[in-house]
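Note sheet for the following structure.
Heavy atoms only: backbone and side chains are in, while hydrogens, waters and symmetry mates are out. Read the numbers this way: they start at 1 and go in the same order the structure lists the ligands and their atoms. Starting from 1, each residue takes its place in the sequence as its number.
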Amino acid sequence: PNLYMFDPAYLSTAATKSEITYLDGANGILRYRGYPIEQLAEKSTYLEVAYLLIFGELPTTEQLANWRHDVTNHTFIHENMRKRFVDGFHYDAHPMGMFTSALAALGTFYDDAKLIEDPEARNHQILRLIAKSPTIAAMCYRFSVGLPFNVPENELSYPANFLNMMWKVGDYEVDPKLERAMDILFILHADHEQNCGTTAMRVIGSSHADPYSSAAGAAAALYGPRHGGANEAVIHMLNDIGSIDNVPAFVESVKRGEGRLMGFGHRVYKNYDPRAKIIKEAAYDVFETTGKSPLLDIALKLEEVALEDPYFVDRKLYPNVDFYSGLIYQALNFPVEMFTVLFAIPRMSGWLAHWQELLEQDQKISRPRQWYAGADTRDYVDIESRG
Ligand code: CMC
């Protein structure tokens with residue numbers, strides 16, 4: 001009857017027009033608001049990048065100072081979130097499950113959460129979500145290991161505050177090199193155009209749900225192993241390989257279709273993922289401080305073998321962002337269950353930038369059609385006659 005495109009999973013649908021992130025998978029190019037990811041990772045900070053993503057321009061000195069001050073002033077969360085909400089979870093609840101539901105719960109604490117037409121109220125929610133994400137993440141982790149919660153220390157930088165809330169016991173002090181590595185990882189994960197989580201954010205946001213509920217939906221999408229969970233799988237894979245000597249045999253088994261080389265290949269990148277290059281360098285800086293991961297040599301050998309093997313070359317399979325990020329997270333002491341949470345904290349700014357853009361575009365509610373392939377019309381059969 002009417003003309004519809006049949007495009008399950010939106011493989012070839014541009015669902016929106018966007019000015020936020022440019023991604024050229026064939027040539028391995030990633031830019032936020034026009035700025036190459038390499039320059040941002042080298043020269044910028046996560047908070048500055050978050051400002052750039054949301055407001056479209058790099059901030060002036062004064063704008064950055066105000067932004068930092070505003071974010072810093074929203075890092076605390078209501079005591080009931082910890083005492084009643086987080087403390088109510090089962091002792092072995094997954095931190096990402098806790099984080100996702102805490103985001104939705106957070107919105108119920110603010111009576112302006114639903115005022116999405118009001119730019120001032122919108123800015124409030126943006127600040128709160130960016131500021132409170134590390135606090136919630138650290139709180140979920142501390143609960144999961146039975147440690148008391150550390151309150152935010154707002155004189156610290158955004159990544160240092162997070163690391164402090166995670167690890168502070170006694171006279172713990174954040175190492176500046178590790179703080180910078182965390183900041184770089186946050187920058188690299190801040191946005192990646194219309195990925196599954198961001199698409200979820202836009203779809204939910206298009207119904208004019210509040211941003212806390214929309215962000216919870218985006219986080220739920222990220223929670224899936226096909227999306228945010230691959231770095232965890234890389235660590236398991238490297239552990240299973242066990243030693244450099246086993247690399248060639250493992251690669252052969254991948255080529256026989258007995259498994260995938262995790263951390264390799266990407267739906268959009270058909271070239272080296274530019275984030276993977278930066279992460280690989282950052283990994284060496286971290287290892288200087290923490291000591292080398294025993295899995296690094298296996299990862300390097302695996303990369304060397306795969307990049308020369310026609311199977312991977314012909315299919316344009318290169319390391320993606322997840323190939324080395326897990327090794328850094330592990331060196332920083334994060335348990336694998338926290339890996340997706342570490343992805344979600346910085347992705348919050350990307351989700352919110354897209355949410356804001358969607359509202360400014362006054363986009364209609366997302367409502368795709370379908371290709372109906374079910375039964376033709378038929379008459380209802382009484383239960384007595386159904387056998
Ligand atoms: N190891 C071995 N073979 C692979 C791999 C891999 N990692 N990835 C793709 N292939 C092969 C696949 O078997 C197929 O071969 P053939 O043509 O002989 O059937 C060919 O390459 C094309 O694969 P595809 O599944 O059609 O590619 P896709 O674009 O649908 O999949 C992917 C992309 C990321 C799901 C896939 O490359 C993969 O499973 N990689 C491993 C998991 C991973 O590292 N995921 C992280 C993605 S980056 C993080 C994020 O942005 O969320």
I want to know if ligand 1 touches [X] in the polar sense, i.e. an N/O pair below 3.5 angstrom.
X: Gly263; answer: yes
X: Phe264; answer: yes
X: Arg315; answer: yes
X: Leu261; answer: yes
X: Asn320; answer: yes

Among all protein heavy atoms, pick out the one at the shortest distance from [atom]; state its residue, atom name and that distance to 0.1 Å.
atom: atom 49 (C) of ligand 1; result: Asp322 OD2, 3.2 Å
atom: atom 2 (C) of ligand 1; result: Val254 CG1, 3.5 Å
atom: atom 12 (C) of ligand 1; result: Arg260 NH2, 3.4 Å
atom: atom 3 (N) of ligand 1; result: Tyr311 OH, 3.1 Å
atom: atom 52 (O) of ligand 1; result: His227 O, 3.0 Å

Which of the numbered atoms in ligand 1 are under 4.0 angstrom from any heavy atom belonging to [X]?
X: Lys270; answer: 29 (O)
X: Gly265; answer: 34 (C), 37 (O)
X: Ala230; answer: 43 (C), 44 (O), 45 (N), 46 (C)

Look at the rings of [X] and [Y] and say which category their plane angle falls in: under 30° parallel, 30 to 60° tilted, over 60° perpendicular.
X: His78; Y: Phe109; result: tilted
X: Tyr318; Y: Tyr272; result: tilted
X: Tyr329; Y: His189; result: tilted
X: Tyr284; Y: Phe287; result: perpendicular
X: His74; Y: His124; result: perpendicular
X: Phe264; Y: Phe312; result: perpendicular

**Asked** Can a salt bridge be assigned to the pair Glu38 and Lys277 using a cut-off of 4.0 Å between side-chain N and carboxylate O?
**Response**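 Lys277 and Glu38: not salt-bridged.
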**Salt-bridge contact Glu288-Lys177 (side-chain N to carboxylate O under 4.0 Å)** =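 A salt bridge links Glu288 with Lys177.
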[atom]: protein heavy atom closer than 4.0 Å?
atom: atom 19 (O) of ligand 1; value: no
atom: atom 16 (P) of ligand 1; value: yes
atom: atom 41 (C) of ligand 1; value: yes
atom: atom 26 (O) of ligand 1; value: no

**Message:** Rounded to the nearest 0.5 Å, what separates atom CD1 in Ile54 from atom NE2 in His354?
**Reply:**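 The CD1 atom of Ile54 sits 10.5 Å away from the NE2 atom of His354.
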**Asked** Are the side chains of Leu103 and Leu129 in touch, meaning some heavy atoms are under 4.5 Å apart?
**Response**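 Leu103 vs Leu129: side chains touch.
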**Prompt:** Between Leu156, Val71, Thr135, which is the residue that forms a side chain to side chain contact (heavy atoms under 4.5 Å, CB included) with Asn161?
**Reply:**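 Single side chain to side chain contact (heavy atoms under 4.5 Å, CB included) partner of Asn161 among Leu156, Val71, Thr135: Leu156.
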